[in-house]
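Predicted model only: the values in this text are computed from it and were never measured. The first residue of the sequence shown is numbered 1, and numbering continues consecutively from there.
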Amino acid sequence: MPAFRSSPVFSRRALLRTAAAAGAGLAISRTTACAGPTGAAQPGTIQLGLNRSLVSLDNKLNQFDAAVTVQRAVRQALTRIGPDMKPQLVLADRFEQTAPTAWTVRLRDGVRYSDGSPVTVADVATALRMYGEVNGSFVVGLFPELPTVEPIDERTFVLRTEHPVPVLDLLMANILISPAATNRPAELDSGVGSGPYVVTAANSGTGEYELTANRDYWGPAPRIKRVRVKFVPEESSRVVALRSGELDVIDSITPDSADQLQGLPGVRLDRVPGTRINQLFFNFRKPPGHPLADARVRRALSYAIDGTALVRDVLSGSVRQAEGVASLALSGAVRTGEYTFDPQRCRQELAALGVRDLELTIIWESGEFPADSSVMEAVVEMLRAVGVRARLQQFEPGGDILQWRQGRGGDWDVLGNGYPGPTGEVTTALQGMYGGTPHKELTRDTYQGYVFPEIAAELTALAAEPDAERRAQRLAAVQHAIWQTWPSLWAFVPDVVLARRERVRDLRLQSNNSYDLATTRLEG
């Protein structure tokens, strides 16, 4: 029996069910205390309770998975990722690769923003430039290179790259288009977009928004008239609010909450395999000579983590321990190894490497993944068992963790983080996490300082490989090479779990933890 089993982590977990029932009144009062609209279900209005604060309806920097649902209801891209994780046309009615390094695109006729102005080719060009100029963009990290826009006529243009990018139609689903005149290299405060909803109230400080159906929307009219979005940080409050009808949908719920809600009258659970990988990722900005700059030390530390126990006892079997450097649900992902629990080997290898009295700082943002605090507390106990001290530093949603992740806010050693599979295929996820270069690091546009030029070069070269069989071989080889750098202390792939009131219908949950608000409907 691992030593950590008797820690407060597990007594805390065991109390969740009791607290949810006995403390219902307290939980409701906490939910009500959050500023914004509350109350029972209203006809024509859906109320969403997010586990992380939606600080912007733009996605240049802020794109945690569930935010995509709301952001794309207001702003749209040329394409979108469909339920089968294949590209679908949105603002474009043509998106065709017409040369190895060129895609010909045509905007839909008559597409307009909510302020009545037309969507133009210049808007697309400006959007790409603004994403490229903002520092620390999650989206830009997905691209091996950003395309340039060559206008042909008022609606038609060519997206051109220096090297072939065969999944550009998938990648462009992440570039949300805004009017060029008001776009800038930062997350936008305004809500002007071409989507099926317009913003009628917004408070980025509390993470609360009200969206109303766009009466002049160019596409099919949305089936729900009004959307209210609330940030409710405490999961017990979200669960009670869902049970009482105060909320209609809550996302990213823990196994404990799923157990509480399973089979309740009027409540339904949706579950699909996830494309997201959650990691305890090392800080690769450590100077030479620091223990964590040595891959052998990173590997040795991984032996301290009992992943099987975390999956079974903390995460209740709702996740799978990672066997690769990305989710195996992504097309092209391969198994590269496994995390092995061997505390004796951990101690022996650290001693042989001369590592003594090691102290680690582990940081994460609340709500990064279900049961995050319990996972972190258990990891501290596991590290303590091998003589490694660990200190936890938790950031509130909307706080300054981005500065820390970029190496600008403070020093840390391990980051609790999640990385989605926004295109459904592995090369873009690998590019985003492991495609860092010295040039990108100058602006902190790398994934926690992960810079291995030979790996980045191979990821870029893969895009230009014309032979499918050879490309698959090279893709597998680079994933094995990444694994050998030991980027994570531990990693796992969760299922996507969402809870909703029964009156919410046609909610088609996707593997990237999003759904289309415009096609969701309400009954009663």
Sole residue of Thr79, Thr428, Val139 in side-chain contact (heavy atoms from CB on, under 4.5 Å) with Asn174: Val139
Any salt bridge linking [X] with [Y]? Criterion: basic side-chain nitrogen under 4.0 Å from a carboxylate oxygen.
X: Arg285; Y: Glu441; value: yes
X: Glu187; Y: Lys60; value: no
X: Asp248; Y: Arg500; value: no
X: Arg155; Y: Asp93; value: yes
X: Arg320; Y: Asp495; value: yes
X: Glu368; Y: Arg276; value: yes

Side chain to side chain contact (heavy atoms under 4.5 Å, CB included) against Leu170, all qualifying residues, sequence neighbours excluded: Ile81, Pro87, Val167, Thr423, Glu425
Counterpart residues, ring-ring contact (aromatic ring centres under 6.0 Å, His included), relative to Trp404 (two or more places apart): Phe395
Pairing residues for Phe369 by the ring-ring contact (aromatic ring centres under 6.0 Å, His included) criterion, not counting sequence neighbours: Phe492
Inter- and intrachain pairs under ring-ring contact (aromatic ring centres under 6.0 Å, His included), touching residues 423-442, at least two apart: Tyr434-Tyr450
Donor-acceptor pair, side chain of Arg471 and main chain of Leu462, under 3.5 angstrom: yes
Donor-acceptor pair, side chain of Gln71 and main chain of Asp58, under 3.5 angstrom: yes
Please give me the minimum heavy-atom distance between [X] and [Y], naming the atom from each residue.
X: Asn278; Y: Pro494; answer: ND2-CG, 3.4 Å
X: Phe95; Y: Met172; answer: CZ-CG, 3.9 Å
X: Asp251; Y: Gly49; answer: OD1-O, 3.4 Å

Partners passing salt bridge (Lys or Arg N to Asp or Glu O under 4.0 Å) against Glu154 (at least two apart in sequence or in another chain): none
side-chain hydrogen bond (donor to acceptor under 3.5 Å, both in side chains) against Gln403, all qualifying residues, sequence neighbours excluded: none
Asp506 and Tyr515: side chain donor to acceptor below 3.5 Å: no
Lys286 and Asp413: CA distance, side-chain angles, deciding distance, salt bridge (charged side-chain N to carboxylate O under 4.0 Å, His left out) verdict: CA-CA 8 Å; Lys286 297 297 182 180; Asp413 300 293; 2.9 Å; yes
Test salt bridge (charged side-chain N to carboxylate O under 4.0 Å, His left out) applied to Arg505 and Glu523, step by step: CA-CA 7 Å; Arg505 302 297 179 92; Glu523 280 193 357; 3.4 Å; yes
Spatial distance of atom OG (Ser178) from atom CZ (Arg75) [nearest 0.5 Å]: 4.0 Å
Derivation and outcome, ring pair (Phe, Tyr, Trp, His ring centres under 6.0 Å), residues Trp483 and Tyr339: CA-CA 11 Å; Trp483 179 268; Tyr339 290 97; 5.2 Å; yes
